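Atoms within each ligand, like the ligands themselves, are counted from 1 in listed order. Remember, predicted model here, so these are calculated numbers, not experimental data. All heavy atoms count here, side chains included; hydrogens, waters and symmetry mates do not.
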Amino acid sequence: MAFDYDLFVIGGGSGGVRAARVAAAGGARVAIAESSRMGGTCVIRGCVPKKLMVFASGYREMFDDARSYGWDLEDGAFDWPRFSQHLNSELDRLEGVYRNLLKGSDVEIYDTRARLADAHTVELADGAKKTAKHILVATGGRPVRPDMANAHLGIVSDDIFHLPELPKRLLIIGGGYIACEFAGIMNGLGVEVTQFYRGAQILRGFDDEARGLVAEMMREKGVNLHLGTNIVEMARASDDHTASWTGTQSDAAMGAPAGERVGEDADGGGSGPVWVKATNGTEAVYDAVLFATGRDPNTEDMGLKEIGVEIGRRGEIVVDDYSQTAVPSIYAIGDVTNRVQLTPVAIREGMAFVETVFNGNPTPVDHHLIPSAVFTQPELGTVGLTEEEAREREPVEIYCTSFRPMQSAFAGRPDRVLMKLVVSKENRTVLGCHIVAPGAGEMIQLAGIAVKMGATKEDFDRTVAVHPTMSEELVTMKTPMRVA
Ligand SMILES: Cc1cc2nc3c(=O)[nH]c(=O)nc-3n(C[C@H](O)[C@H](O)[C@H](O)COP(=O)(O)OP(=O)(O)OC[C@H]3O[C@@H](n4cnc5c(N)ncnc54)[C@H](O)[C@@H]3O)c2cc1C
């Protein structure tokens, strides 16, 4: 049977664009459909705009510190519309780069939604049908609001980048990395941030000691973090209410009056103050409520189940080690498979797919020892097992130090950093490395190479320190802090 294409990719995000480009560069006839903007979550509403906001938010502290370093500076204000305009033109530029890369590789672009009609046919939004020998689903995920009345009054991470103005008071619901990163960003930009997380500690899944220090530092820097707390009710606040109410969650906790609230309405999130009641009984009004409560895979109304693609419990596409679905001609990569939701992983999965399907070299995706970073202030960089995971598996030695780094200590700030190695007692392999420090994302990329290579504690020790740096502690810790 003659197909229109060798490969049809649905979704122009990190994974889809890379797979399309690499397959086309190898001579395959490739098409890609994207329903929103080329570049996907990472470029348009994830990693890239978020990191630029992290940079923007860091200047306030830098200006403060600069005075301690002898600089005369005048107090200035952050201009959100100016930053936002610059941010959007940068995203336009990047989207253009992605488009040009695809065009340059002769990938045919369809700017439309697509779904599956059968094992070899994609149906576009206008009803047109395109056939392909292989179909790659790379539709990513989307933020979800909790299932509660008036949840539409809250915003999600996609909306943050389009706020016409910064809220004065922001409530963030969630304790994952996206919630914590936005708490740090908004706090740095001068927003009064309250964060509710229903669990006992933020950043579930990361090393306990590291998450503890991040939480402590977030509070130290001004984030009003409430653990074991969730939202129970929300409603649009009335004008009367907002005029009389000037309190925050913490004021409410101290017994300030909550004022009146009006009934539910139908306007969208972010368009006015919101009254919120928490599980601890407190009530407060916020200018915006951000739900960072998880992401669902984009598998709805895709025609997947109908043609036999297996869908998992969380709505994800179930794939094997080679990203192949239950329908042999259909593969899936990236967030839609809910394996490891990170851009470099989606890209790796895309490359492995092309290697397997178009280069005759079956390549499973290696999900072992993936370094990653949380861009809080300070950052958290991590690779390998947490102390808690390692202790479950085998006897370990924990090498750990926490100290005030030179740069901020000189400026009189109480910031602390953490350098931690989890070492196998039996064979001395470094099983995990966890860093909480400014620039930890950069540090863990390099430490990740050593850990991935199977370096032992003695390999770290044989490496001469780079002095004076924070990360030199990783090669100078002589005595284990704990043996477990
Ligand atoms: C706020 C935020 C911050 C993040 N920060 C980081 C970070 O610092 N580091 C990191 O590694 N990762 C980060 N991520 C995660 C990262 O963005 C994702 O893991 C990555 O983008 C996944 O790539 P993907 O190709 O699977 O999907 P996506 O990039 O989501 O792309 C999927 C694309 O498919 C399109 N699409 C969906 N359905 C259809 C359809 N039916 N037809 C046509 N097109 C469709 C979508 O519009 C989208 O463009 C962040 C995510 C968020 C939300």
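Distances from atom 2 (C) of ligand 1 to the heavy atoms of A125, G46, P344 show the closest one on G46. When I370, I333, T139 are checked for heavy-atom proximity to atom 37 (C) of ligand 1, T139 turns out nearest.
A heavy-atom separation below 4.0 Å is found between R295 and ligand 1. Put simply, no part of R115 is less than 4.0 Å from ligand 1, judged by heavy atoms. Heavy-atom distances between T112 and ligand 1 reach below 4.0 Å in at least one pair. Residue M38 places no heavy atom under 4.0 Å from ligand 1.
The protein non-hydrogen atom at the shortest distance from atom 18 (C) of ligand 1 is D335 OD2, 3.2 Å. Nearest protein heavy-atom neighbour of atom 28 (P) of ligand 1: T41 OG1, 3.5 Å. Scanning all protein heavy atoms for the shortest distance to atom 6 (C) of ligand 1 gives C47 SG, 3.2 Å. Taking atom 41 (N) of ligand 1 as the reference point, the nearest protein heavy-atom neighbour is A114 O, 2.9 Å. The single protein non-hydrogen atom nearest to atom 33 (C) of ligand 1 is E34 OE1, 3.4 Å, given as residue, atom name and distance. The protein atom (non-hydrogen) at minimum distance from atom 25 (O) of ligand 1 is G15 N, 2.9 Å. For atom 45 (C) of ligand 1, the nearest protein heavy atom (residue, atom name, distance) is S35 OG, 3.3 Å. Summary of contacts: the protein heavy atom closest to atom 5 (N) of ligand 1 is K50 NZ, 2.9 Å.
Between N298 and ligand 1, a contact under 3.5 Å exists for no N or O pair. Considering both main-chain and side-chain atoms, S157 never comes within under 3.5 Å of ligand 1 through any nitrogen or oxygen pair. Between E181 and ligand 1, a contact under 3.5 Å exists for no N or O pair.
Side-chain N/O atoms of E61 and Y59 include no donor and acceptor closer than 3.5 Å. For the 3.5 Å distance criterion, the side chains of S57 and Q377 qualify, holding a donor opposite an acceptor. There is a side-chain donor-acceptor pair under 3.5 Å between T121 and D118. Side-chain atoms of Y5 and E108 form a donor-acceptor pair, as typed in the model, at a separation below 3.5 Å.
Ion pairing between a basic and an acidic side chain is recognised when a charged N comes within 4.0 Å of a carboxylate O; D6 and R29 show such pairing. With respect to the salt-bridge test (charged N to carboxylate O, under 4.0 angstrom), the residues D287 and K168 do not qualify. A salt bridge links D207 with K420: the distance from a Lys NZ or Arg NE/NH1/NH2 to an Asp or Glu carboxylate oxygen falls below 4.0 Å. Under a 4.0 Å N-O distance rule, the pair R99/E95 qualifies as a salt bridge.
Residue-environment remark: CD (E306) exceeds the threshold of 12 foreign heavy atoms within 6.0 Å.
Proximity of a side-chain donor or acceptor of T429 to a complementary backbone N or O of L431 within less than 3.5 Å is not detected. In this structure, E355 contributes its side chain and N359 its backbone to no donor-acceptor pair below 3.5 Å.
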Side-chain donor-acceptor distances from residues 123-132 under 3.5 Å, at least two apart:
{"residue": "D126", "atom": "OD1", "partner": "A128", "partner atom": "N", "Å": "2.9"}
{"residue": "T131", "atom": "OG1", "partner": "D4", "partner atom": "N", "Å": "2.9"}
{"residue": "T131", "atom": "OG1", "partner": "D4", "partner atom": "OD2", "Å": "3.4"}

Only distances under 3.5 Å count here; give the side-chain donor-acceptor pairs of residues 210-217 to other protein atoms, sequence neighbours excluded, each with its distance to 0.1 Å.
{"residue": "R211", "atom": "NE", "partner": "I202", "partner atom": "O", "Å": "2.8"}
{"residue": "R211", "atom": "NE", "partner": "L203", "partner atom": "O", "Å": "3.0"}
{"residue": "R211", "atom": "NH1", "partner": "D208", "partner atom": "OD1", "Å": "2.7"}
{"residue": "R211", "atom": "NH2", "partner": "Q201", "partner atom": "O", "Å": "3.0"}
{"residue": "R211", "atom": "NH2", "partner": "I202", "partner atom": "O", "Å": "3.3"}
{"residue": "E216", "atom": "OE1", "partner": "R416", "partner atom": "NH2", "Å": "3.2"}
{"residue": "E216", "atom": "OE2", "partner": "R416", "partner atom": "NH2", "Å": "2.9"}

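Heavy-atom contacts of Y177 reach the following atoms of ligand 1: 4 (C), 5 (N), 6 (C), 13 (C), 14 (N), 15 (C), 50 (C), 51 (C) (cutoff under 4.0 Å). Which parts of ligand 1 touch A33 is read off a 4.0 Å heavy-atom cut-off, strictly below it: atoms 43 (C), 44 (N). Counting the atoms of ligand 1 from 1 in the order shown, those under 4.0 Å from a heavy atom of Q341 are 15 (C), 19 (O). Interface of G11 with ligand 1, defined as ligand atoms under 4.0 Å from a residue heavy atom, comprises 33 (C), 34 (O), 35 (C), 44 (N). The ligand atoms of ligand 1 that sit less than 4.0 angstrom from a heavy atom of R113 are 40 (C), 41 (N), 42 (N), 43 (C). In the vicinity of G334, heavy-atom distances shorter than 4.0 Å reach the ligand 1 atoms 26 (O). Listed by number with element, the atoms of ligand 1 under 4.0 Å from a non-hydrogen atom of I10 are 40 (C), 42 (N), 43 (C). For ligand 1 and A138, the ligand atoms under 4.0 Å from any heavy atom of the residue are 32 (C), 33 (C), 34 (O).
Separation of the Y197 and H226 ring centroids does not fall under the 6.0 Å cut-off. Between F358 and H134, the gap from one ring centroid to the other is short of 6.0 Å.
Counting heavy atoms closer than 4.0 Å to ligand 1, residue T343 contributes atoms from both its backbone and its side chain.
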